[in-house]
Amino acid sequence: MNAQRAQEISSSPIMAKVTCNGERIYIEHVDAQNGTATIHCLDNPNNKQSVPVSNLIEH
């Protein structure tokens, strides 16, 4: 995924199906300049992590 699409998904009121390393995730914030996104797994919202947007897969 690219940073622009990740930003579109994070801004949308509709929840898109996105995974990172096989886990369903929620995109909290996108840093387009650095190409990273702050995410958390849907089943563990307290475990936030910063990952490259290239690791995100939209289904």
Side-chain angles (χ1 to χ4, degrees):
M1 179 178 303
N2 64 42
Q4 180 180 349
R5 181 61 185 142
Q7 182 63 50
E8 291 169 358
I9 291 170
S10 71
S11 299
S12 174
I14 299 168
M15 181 87 168
K17 184 176 180 183
V18 179
T19 60
C20 182
N21 299 324
E23 299 275 338
R24 291 246 0 235
I25 59 97
Y26 178 80
I27 302 170
E28 294 188 18
H29 174 74
V30 177
D31 182 342
Q33 192 168 23
N34 290 322
T36 60
T38 302
I39 64 165
H40 68 259
C41 293
L42 294 183
D43 61 351
N44 191 358
N46 293 324
N47 185 18
K48 297 179 185 179
Q49 28 184 329
S50 181
V51 298
V53 292
S54 60
N55 288 7
L56 306 180
I57 300 171
E58 182 177 12
H59 300 272

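In this structure Arg24 satisfies the salt bridge (Lys or Arg N to Asp or Glu O under 4.0 Å) test with no other residue, sequence neighbours excluded. Remark: Asn34 pairs with Asp31 by the side-chain hydrogen bond (donor to acceptor under 3.5 Å, both in side chains) rule, at least two apart or across chains. The side-chain hydrogen bond (donor to acceptor under 3.5 Å, both in side chains) test applied to Ser54 returns no partner, not counting sequence neighbours. With sequence neighbours excluded, the residues satisfying side-chain contact (heavy atoms from CB on, under 4.5 Å) with Asn47 are Asn44, Gln49. Applying the side-chain hydrogen bond (donor to acceptor under 3.5 Å, both in side chains) test to Ser12 and every residue at least two apart in sequence or in another chain returns nothing.
Its side chain within the 4.5 Å cluster rule, Met1 clusters with Ile9, Val18, Ile25, Ile27, Val30, Ile39, Val51, Val53, Leu56 among the Ile, Leu, Val, Met, Phe, Trp and Tyr residues. Hydrophobic clustering, defined by side-chain heavy atoms of Ile, Leu, Val, Met, Phe, Trp and Tyr closer than 4.5 Å, leaves Ile57 isolated from every other such residue.
Sorted by first and then second residue, the ring-ring contact (aromatic ring centres under 6.0 Å, His included) pairs involving residues 8-46 (not counting sequence neighbours) are Tyr26-His40. The salt bridge (charged side-chain N to carboxylate O under 4.0 Å, His left out) analysis of residues 43-59, with sequence neighbours excluded, yields the pairs Arg5-Glu58, Glu28-Lys48. Residue pairs meeting the salt bridge (charged side-chain N to carboxylate O under 4.0 Å, His left out) criterion with at least one member in residues 9-23: none, sequence neighbours excluded.
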